[in-house]
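In this chain, numbering begins with 1 at the start of the sequence shown. Heavy-atom basis, side chains included; hydrogens, waters and symmetry copies ignored. One-based numbering, in listed order, for ligands and for the atoms of each.
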Amino acid sequence: MTTSDQNRSTALVTGASRGFGRAIASALHAEGAQVVAVARHAEPLSSLRDELGDRLTPVVADVADPVVAGALIEQHRPDTLVLNAGAAPLLRPLQHQTWDTFSRTWDVDVRQAFHWIREALLLPLRPGSTVVTLSSGAAVAGSPLSGGYAGAKATVRFITDYAADESQRAGLGIRFISLLPRLTPATDLGSEAVAGYAHRDGLDVREFLDRFGPTLTPEDVGKTTVGLVTSDEQPPGPYLLTAAGLTPLG
Ligand SMILES: NC(=O)c1ccc[n+]([C@@H]2O[C@H](COP(=O)([O-])OP(=O)(O)OC[C@H]3O[C@@H](n4cnc5c(N)ncnc54)[C@H](OP(=O)(O)O)[C@@H]3O)[C@@H](O)[C@H]2O)c1
């Protein structure tokens, strides 16, 4: 899909009320797409609608609900589907987690990937459409304070890879891409995690962040997502995302 095609397209972004999702929704909207923005809380979605205008449709819903996935995919038939919503993990060492806190991200992030991608393949979405999932750099590096987060995000990446394979086998022409952003303090979820890991290492936040170089911003994530969606050159697959840009993972 080229940039000009975006003018006629529909994008559905989950977790669009703040952080990466809000920036992704705004960037797709700036390219001319009709944007369906999904999150559980109405007020931040209304403020996004006030900011962007009537090409933005807010939907208050829980993305982990399979009925929500089926209904919204059928209703909107998006050309671009960005599965960005994610639960913030409880930041505690392993032995201070319970099974319920450990598995929270499985109940939201993995369920979302499973239900929505399944619906995208079954409908199916139109040939030329793109599905982007938000995995995490933690899927490669681990995240010892975040319970099951790293494993959940690795599974999101695998589900996306499996779907790319199914799309290719069935000749569906749907591209499936997973993004693995590096940890950044620029969002609610990221700033809590950065503070937790800095404290664990006995560093202040600035010292901790200096280890990693330039900080990834939500605007970087929004711009990169538009680039992935509008470029037919970009092959499906997983990509690590840092402030320096994208690195394809094998
Ligand atoms: N920030 C980082 O450093 C980082 C790094 C790598 C990967 N990621 C991933 O990137 C994605 C976005 O992260 P972020 O940092 O932007 O997080 P964030 O600021 O906490 O935003 C999360 C978004 O997801 C929505 N959400 C959460 N649970 C939901 C549910 N059950 N149903 C519908 N919406 C839900 C939230 O809105 P409501 O609360 O209103 O529902 C919000 O819009 C996540 O998948 C995260 O794991 C983040």
Side-chain angles (χ1 to χ4, degrees), residues 12-27 35-49 56 58-69 71-72 81-91 104-116 132-143 145-157 159-160 178-198 205 208-209 212 214-222 224-225 238-243 246:
L12 190 153
V13 182
T14 69
S17 59
R18 60 174 192 266
F20 290 169
R22 193 175 181 106
I24 293 168
S26 302
V35 177
V36 182
V38 185
R40 290 165 306 170
H41 296 92
E43 197 284 321
L45 286 177
S46 301
S47 94
L48 185 61
R49 158 100 176 187
L56 189 289
V59 177
V60 176
D62 184 339
V63 297
D65 181 340
V67 174
V68 167
L72 291 182
L81 174 62
V82 184
L83 300 176
N84 161 80
L90 181 66
L91 291 159
R104 169 66 60 79
T105 43
W106 288 78
D107 285 337
V108 177
D109 305 38
V110 178
R111 273 178 196 265
Q112 169 184 230
F114 178 78
H115 294 315
W116 289 74
V132 178
T133 58
L134 270 289
S135 173
S136 170
V140 177
S143 57
L145 277 187
S146 309
Y149 179 81
K153 290 306 203 181
T155 303
V156 168
R157 170 187 166 178
I159 289 174
T160 313
S178 55
L179 273 183
L180 285 70
R182 178 180 279 172
L183 179 62
T184 170
T187 70
D188 290 357
L189 184 155
S191 65
E192 272 185 46
V194 164
Y197 284 102
V205 165
F208 178 78
L209 287 173
F212 300 105
T215 296
L216 182 69
T217 66
E219 291 68 33
D220 293 332
V221 181
T224 301
T225 305
Y239 291 87
L240 195 63
L241 175 60
T242 67
L246 288 172

T14 near ligand 1 by a heavy-atom separation under 4.0 Å: no
Atoms in ligand 1 with a heavy atom of V108 nearer than 4.0 Å: 31 (N)
Structural part of T184 in contact with ligand 1, heavy atom criterion under 4.0 angstrom: both
Validation row: F20, L189 side chains within 4.5 angstrom (heavy atoms): no
Protein heavy atom at shortest distance from atom 12 (C) of ligand 1: N84 OD1, 3.1 Å
OG1 on T224 to CD on E219, rounded to 0.5 Å: 11.0 Å
Identity and distance of the protein heavy atom lying nearest atom 47 (O) of ligand 1: Y149 OH, 2.8 Å
F114 vs P66 side-chain heavy atoms within contact, under 4.5 Å: no
Heavy-atom side-chain proximity of L91 to E192 below 4.5 angstrom: yes
Side chain to side chain, P214 and T242, heavy atoms closer than 4.5 Å: no
From R40, H41, E192 - option closest to atom 30 (C) of ligand 1 by heavy atom: R40
Taking atom 27 (C) of ligand 1 as the reference point, the nearest protein heavy atom with its distance: G86 O, 3.4 Å
Nearest neighbour in protein (non-hydrogen) for atom 48 (C) of ligand 1: F20 CE1, 3.4 Å
Protein contact to atom 26 (N) of ligand 1 [nearest heavy atom, distance to 0.1 Å]: A85 CB, 3.9 Å
V63 N/O under 3.5 Å from ligand 1 N/O: yes
Ligand 1 N/O within reach of P181 N/O, cut-off under 3.5 Å: no
Over 12 non-hydrogen atoms of neighbours within 6.0 angstrom of CZ in R157: yes
Pick from S146, A64, S17, S135: the one approaching atom 7 (C) of ligand 1 most closely through a non-hydrogen atom: S135
Atom 31 (N) of ligand 1 - nearest protein heavy atom and its distance: D62 OD1, 2.9 Å
Which of the ligand 1 atoms, numbered from 1, are nearer than 4.0 Å to a heavy atom of D188: 19 (O)
Pairwise side-chain contact, T184 with F212, heavy-atom cut-off 4.5 Å (strictly under): no
Heavy-atom nearest neighbour in the protein, as seen from atom 15 (O) of ligand 1, with distance rounded to 0.1 Å: T187 OG1, 2.5 Å
Donor-acceptor pair between R22 and S47 side chains, under 3.5 angstrom: yes
Any donor-acceptor pair under 3.5 Å from T14 side chain to N84 backbone: yes
Per atom 33 (C) of ligand 1, closest listed option by heavy atom (G21, G15, A61, A37): A61
Shortest protein heavy-atom distance from atom 17 (O) of ligand 1, along with the residue and atom involved: L189 CB, 3.5 Å
Working for side chain to side chain contact (heavy atoms under 4.5 Å, CB included), residues L12 and L81: CA-CA 5 Å; L12 190 153; L81 174 62; 3.8 Å; yes
Closest candidate by heavy atom, reference atom 18 (P) of ligand 1, pool R22, R18, K153: R18
P238 side chain reached by T160 side chain, heavy atoms, under 4.5 Å: no
